[in-house]
There are 2 protein chains.
Amino acid sequence: MVNTVNLNQILEDLDATSALEELQGITEALRDAFSVDHIVYHWVDSAGDQYGCGTYSDEWRDRYLELNYHRIDPVIAGCFQRFHPVDWKRLDWSSKASRHFFGEALKYGVGNQGFSIPIRGPNGQFALFTVSHNCDDATWEAFTEEHSRDLILIAHYFNRKALEFEPNRQPEQSRALSPREVDAMTLLAMGYSRAQVAETLSISEHTLRVYIESARFKLGALNTTHAVARAMSRGLIVV
Amino acid sequence: MVNTVNLNQILEDLDATSALEELQGITEALRDAFSVDHIVYHWVDSAGDQYGCGTYSDEWRDRYLELNYHRIDPVIAGCFQRFHPVDWKRLDWSSKASRHFFGEALKYGVGNQGFSIPIRGPNGQFALFTVSHNCDDATWEAFTEEHSRDLILIAHYFNRKALEFEPNRQPEQSRALSPREVDAMTLLAMGYSRAQVAETLSISEHTLRVYIESARFKLGALNTTHAVARAMSRGLIVV
DNA sequence: TTTCAACTCCCCAGAAACAGCGAGGGCGGA
DNA sequence: TCCGCCCTCGCTGTTTCTGGGGAGTTGAAA
């Protein structure tokens with residue numbers, strides 16, 4: 001793998017991008033620049049609705065989406081719990097589903113090595129930036145070691161553009177919760193019953209209910225559990 | 001402001017840091033390297049519990065914490081909604097509380113210029129990395145323009161260390177959920193009622209209940225909402 | 001000044017969730 | 001082979017949550 005990558009040029013190209021299709025082209029240019037098999041940016045969205053760009057084959061991408069592989073993909077699960085970029089080797093491949101998934105991926109041309117960077121944006125947005133290649137462990141470690149910083153920056157810029165191009169996903173910008181509503185949601189997420197929450201906050205249970213309903217309304221949630229889930233995924237509460 | 005900053009050296013120093021106190025020292029070194037007034041890393045916990053390190057005066061930090069300024073600080077509010085690093089000038093200072101807050105900050109030696117980078121980690125973790133200085137707009141723009149990429153990387157490395165030093169905030173490991181349990185938790189988090197979930201999964205509501213109870217047990221949760229919250233914060237389900 | 005959002009309190013009835021009991025078939029690892 | 005986990009289904013009763021009303025205060029923004 002050649003290491004004559006001009007980081008500044010890449011980032012400027014990314015900055016200048018004005019359309020979604022161009023991002024696709026940049027993944028290809030990056031793949032060639034880094035001399036790796038694949039570069040993928042993958043926005044992981046709520047209901048399994050997904051979006052991204054990259055150099056994986058169409059067959060693999062379609063299969064991934066169709067079979068809802070994001071649910072068993074250890075890369076997603078692992079990155080979701082981490083802040084660090086992560087080498088695929090360090091993930092948990094112990095379950096049968098994981099190994100089967102990996103086998104499938106190999107068949108469809110994904111490299112045996114991978115390096116994925118989790119990226120998080122406002123409102124619980126979550127995405128991955130992945131580099132994948134076919135080589136031995138030592139080569140791969142040298143590569144990731146050398147380029148991890150550049151890749152973090154590139155991932156960051158990719159996500160900027162993705163957020164820019166997908167304003168539709170932003171209107172989820174629900175109105176912020178009031179302090180009391182945050183309190184209520186937080187305590188509910190901690191497992192308190194309504195009675196306990198009311199007591200903890202020193203208010204009547206009915207008042208509490210008003211907060212919950214208000215929060216539910218602001219979050220567009222169907223019930224309390226949904227409201228708590230949304231509040232969490234949008235980073236409005238931390239448990 | 002001098003621009004002889006050795007980014008690699010900084011990042012290596014950060015990587016080698018093994019204790020919280022050293023991070024404080026690094027903010028001071030960075031301040032000198034960049035020749036700015038202040039460098040601050042600020043972990044914002046929505047519960048109001050906060051933590052960070054930086055070169056602000058002790059008086060200002062104490063005042064900030066004591067008066068719960070994080071609730072009215074436009075830097076926090078603004079960064080929380082953005083992915084991009086942001087110049088303080090571009091934030092919303094229209095409210096009375098904001099302007100009062102800014103006046104206070106100036107009195108306590110915070111610069112009139114600022115540049116803050118939002119950083120997000122697992123479980124809704126949120127932090128800011130801020131550079132602040134006293135100068136005119138043009139000078140500041142030139143500075144941020146030149147260093148924004150470096151600052152993004154530095155911010156990233158700071159957050160790595162912060163997460164590393166706060167293991168109690170890391171998700172605890174719990175037994176993995178079975179596929180059916182994941183399905184159940186996911187659909188519940190999407191706002192479905194038990195009846196709807198059962199129908200969606202094509203199982204009886206009683207069976208569904210067994211999954212929910214099982215998941216609740218595995219997660220050590222007190223009720224369904226709690227179980228969903230824990231499953232989400234541990235990255236077992238993605239909603 | 002007026003308006004608006006936030007915070008507080010109250011009643012009631014129906015829907016939903018919880019808790020505890022039990023049972024049987026299948027599949028994979030020790 | 002046996003043990004344990006996963007998946008599936010059933011019953012009964014209690015507790016909790018939800019949704020529909022209405023009403024008063026405060027404080028900050030327009």
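Letters A, B, ... mirror the listed sequences (proteins, then strands); counts begin at 1. A quick note: this is a predicted structure, and the numbers were derived from the prediction, not measured.
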Check your understanding: Excluding sequence neighbours, so at least two apart, what forms side chain to side chain contact (heavy atoms under 4.5 Å, CB included) with B/D73?
Key -> B/Y64, B/V75, B/I76, B/F101

Practice item. Using atom CG of B/L222 as one end and atom P of D/dT15 as the other, report the distance to the nearest whole Å. Key: 18 Å

Review point. Which ranges of DNA chain C pair up as stems, where a stem means three or more consecutive Watson-Crick or G-U pairs with both distances under 3.5 Å?
Key: C:1-30 with D:1-30

Check your understanding: First contact, last contact: which nucleotides of DNA chain C are these for chain A, 5' to 3', heavy-atom distance under 4.0 Å?
Key -> C/dA6 to C/dG28

Review point. For the pair made of CG in A/L188 and C1' in D/dT16, what is the distance, rounded to whole Å?
Key: 12 Å

Practice item. Could you pull out all residues at least two apart from A/E205 that satisfy side chain to side chain donor-acceptor pair (under 3.5 Å)? Key: none

**Study point:** Partner residues of B/V182 under the side chain to side chain contact (heavy atoms under 4.5 Å, CB included) criterion, sequence neighbours left out
**Key:** B/L177, B/T186, B/I237

Practice item. Answer yes if the ring centres of A/F129 and A/Y41 are under 6.0 angstrom apart, and no otherwise. Key: no

Revision key, fill the gap. Each nucleotide of nucleotides 25-30 of chain D classed B (base within 4.0 Å of a protein heavy atom), S (only sugar-phosphate) or -, in 5' to 3' order, makes ----S-

Review point. Taking NZ, NE, NH1 and NH2 as the nitrogens, is one of them in A/R90 or A/D87 under 4.0 Å from a carboxylate oxygen of the other?
Key: no

Review point. Who passes side chain to side chain donor-acceptor pair (under 3.5 Å) against A/T130, sequence neighbours left out?
Key: A/S116

Point to revise | Base versus backbone protein contacts along nucleotides 4-13 of chain D [heavy-atom cut-off under 4.0 Å; B, S, -] | key: --SSBBSB--

Exercise for review: Give the C-alpha distance, both sets of side-chain angles, the deciding distance and a yes or no for side-chain contact (heavy atoms from CB on, under 4.5 Å) between B/L151 and B/F115.
Suggested key: CA-CA 10 Å; B/L151 293 172; B/F115 185 72; 3.8 Å; yes

Can you give each donor-acceptor pair under 3.5 Å made by side-chain atoms of residues 52-60 of chain A, sequence neighbours left out, with the distance rounded to 0.1 Å?
from  : atom 1 : to    : atom 2 : distance (Å)
A/T55 : OG1    : A/H38 : ND1    : 2.9
A/T55 : OG1    : A/I39 : N      : 3.0
A/S57 : OG     : A/W60 : N      : 3.2

Exercise for review: Determine whether more than 12 heavy atoms belonging to other residues, nucleotides or ligands lie under 6.0 Å from atom CD of A/E199.
Suggested key: no

Revision key, fill the gap. Contacts of B/A142 meeting side chain to side chain contact (heavy atoms under 4.5 Å, CB included) (sequence neighbours excluded), chain-then-number -> none

Review point. Which residues satisfy the side chain to side chain contact (heavy atoms under 4.5 Å, CB included) test with A/E141, sequence neighbours excluded?
Key: none

**Study point:** Qualifying residues under side chain to side chain donor-acceptor pair (under 3.5 Å), relative to A/Q113, sequence neighbours excluded
**Key:** A/K89, A/D137

Review point. Is the distance between the ring centroids of B/H156 and A/F83 under 6.0 Å?
Key: yes

